[in-house]
Amino acid sequence: MDHEDQPTVALPGEVRMPLLGFGTWQATGQAGYDAVLAALDAGYRHVDTATMYGNEEEVGRAVQESGLRREDVFVTTKLPPDRVGRERETLEASLTALGTDHVDLWLIHWPPENPADNIPVWRELLAARDEGLARAVGVSNYGTGQLDELIQATEENPAVNQIRWSPSLYDRQRHKEHRDRGVVLEGYSPFKTSDLAHPVLTRIAAAHDVSPAQVVLRWHVDHEIVVIPKSVTPERIRVNADIFRFSLTAEEMRDIDALGNP
């Protein structure tokens, strides 16, 4: 599939983020490199890594050796919470490992243990963005109150909040809170908390001649929620990328939403 056809969501600064991304947690060494290369080959144009994953070098090498232009691949990495005060040094190490002069998105991986560090760390991310080391900056695993704290202190909303998300975790209110603040919701572990044998998912999958996993991914995309499935199996990587030949009806979306909190 041509990546130009892939749906994206707008981040501040005219940055376009593909709604489908490839997660790389636990994909390290040669297997990690092979998985990212397979993902780029299957049509993914967005790769998610983190300092904590210990695989930035393999991710960077796969992006470089994919034959794609750097500007055609959206790369995210994340700052571990124990690097408070060493944000810049950590990002520079990430850029070196990834073999690039900027990432497309840099996230605070978890809220710092000491709440007093919240705003200083966020200011460091904003400074890195302003210097062009990251095209956009955001957070991960933040509650709505924590987002508001950053927004009120700096008048800069995180571009993205990456949190656990799936049909069974669907929370209409939380989704709305992100939209109201102009923060893109990005979901991780879409399958871990999904019952892929659930009758609603199997029925909808059968109606479109796709797998329940593909339905779960398409549900995210149709909600304009970024989703980053991970796999190291080439066939599964290909199937997960193949979600743009069908879309869900409004009724199907409502049925899937109902698997979460009312």
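Here the structure is a predicted model, which means the values were calculated and not measured.
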* Show the numbers, then the answer: is there a salt bridge (charged side-chain N to carboxylate O under 4.0 Å, His left out) between D48 and K78? => CA-CA 9 Å; D48 179 272; K78 312 185 195 79; 2.6 Å; yes
* Report the C-alpha distance between R218 and F244 in whole Å, list the side-chain angles of each, state the deciding distance to 0.1 Å, and finish with yes or no for side-chain contact (heavy atoms from CB on, under 4.5 Å). => CA-CA 8 Å; R218 186 71 220 195; F244 300 109; 3.7 Å; yes
* side-chain hydrogen bond (donor to acceptor under 3.5 Å, both in side chains) between E87 and T90, worked out -> CA-CA 5 Å; E87 297 87 357; T90 304; over 6 Å; no
* **ring-ring contact (aromatic ring centres under 6.0 Å, His included) evaluation trace for H109 with Y53** => CA-CA 11 Å; H109 206 149; Y53 298 171; 5.7 Å; yes
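Of the inter-residue distances, the one linking E156 atom CD with L125 atom CG reads 11.0 Å to the nearest 0.5 angstrom. The structure places CG of L147 at 5.5 Å from OG1 of T144, a figure rounded to the nearest 0.5 Å. Remark: I108 CD1 to N141 CG distance equals 11.5 Å, nearest 0.5 Å.
For T96, there are no side-chain contact (heavy atoms from CB on, under 4.5 Å) partners two or more places apart in sequence or in a different chain. Residues forming a ring-ring contact (aromatic ring centres under 6.0 Å, His included) with H198 (at least two apart in sequence, or on another chain): none.
Residues I237 and S231 approach most closely at CD1-O, 3.4 Å, considering heavy atoms. What you find for I225 and G187 is that their closest heavy atoms are CG2-N, 4.1 Å. Scanning both residues, G132 and H102, for their nearest heavy atoms gives O-CB, 3.4 Å. Scanning both residues, A207 and E252, for their nearest heavy atoms gives CB-OE2, 4.3 Å. Taking all atoms of both residues into account, the shortest heavy-atom contact from V103 to L95 is N-CD2, 3.7 Å. Of all non-hydrogen atoms in L150 and T154, the two that sit nearest each other are O-OG1, 2.7 Å.
By the 6.0 Å contact criterion, CZ on R70 is enclosed, its count of non-hydrogen atoms from other residues, nucleotides or ligands being greater than 12. Around the CD atom of E57, the shell of radius 6.0 Å holds no more than 12 heavy atoms that belong to other residues, nucleotides or ligands. Heavy atoms from other residues, nucleotides or ligands lying under 6.0 Å from CD of E14 number 12 at most. Within a 6.0 Å radius of CG in D130, more than 12 heavy atoms belonging to other residues, nucleotides or ligands are found. Atom CZ of R203 sits in a crowded spot, with more than 12 heavy atoms from other residues, nucleotides or ligands closer than 6.0 Å.
Between the side chain of R123 and the main chain of I119, no donor-acceptor pair closer than 3.5 Å is present. Judged by distance alone, with hydrogens and angles left aside, the side-chain atoms of R129 form no donor-acceptor pair with the main-chain N or O of A136 at under 3.5 Å. A donor-acceptor contact shorter than 3.5 Å links the side chain of S168 to the backbone of T193. Listed for the S189 side chain is no donor-acceptor partner under 3.5 Å among the backbone atoms of K192. Formation of a donor-acceptor pair under 3.5 Å by the S211 side chain with backbone atoms of Q214 is found in this model. The backbone N or O of V139 sits nowhere less than 3.5 Å from a side-chain atom of Q162 that would complete a donor-acceptor pair. In this structure a side-chain-to-backbone donor-acceptor pair under 3.5 Å is present from S66 to L68. Using a distance-only test at 3.5 Å, with no hydrogens or angles considered, no donor-acceptor pair links the side chain of R135 to the main chain of V15. Between the E131 side chain and the A128 main chain, no donor and acceptor come within less than 3.5 Å of each other.
When side chains are defined from C-beta on, V9 counts as touching V226, because their heavy atoms get closer than 4.5 Å. For the pair R174/I163, a side-chain contact is recorded, criterion being any heavy-atom separation below 4.5 Å from C-beta on. V184 is not listed as a side-chain neighbour of E224, based on a closest heavy-atom distance of 4.5 Å or more. Two residues are said to be in side-chain contact when any heavy atoms from C-beta on lie closer than 4.5 Å; R181 and I151 meet this criterion. Inter-residue side-chain proximity for T24 and E58 is flagged as unmet; no heavy-atom pair is nearer than 4.5 Å. Within the 4.5 Å cutoff, side-chain heavy atoms of F191 are placed close to those of P229. Residues V227 and L19 form no side-chain contact, since every pair of their non-hydrogen atoms from C-beta on lies 4.5 Å or further apart. With contacts defined as side-chain heavy-atom distances shorter than 4.5 Å, the pair I228/Y44 does not qualify.
In the hydrophobic clustering (ILVMFWY side chains linked at under 4.5 Å, chained through shared members), L37 is joined by Y33.
Ionic pairing of R69 and D72 is present here: one or more N-O contacts between side-chain nitrogen and carboxylate oxygen are shorter than 4.0 angstrom. Contact check on R238 versus D41 returns no salt bridge, with no Lys/Arg side-chain nitrogen under 4.0 Å from an Asp/Glu carboxylate oxygen.
No donor-acceptor contact under 3.5 angstrom links the side chains of D148 and Y142, judged on distance only. Between the side chains of N55 and T49, a donor-acceptor pair is found at a separation under 3.5 Å. Under 3.5 Å, the side chains of H46 and D104 contain no donor-acceptor pair of N or O atoms.
Centroid-to-centroid, the aromatic rings of Y170 and W219 come within less than 6.0 Å.
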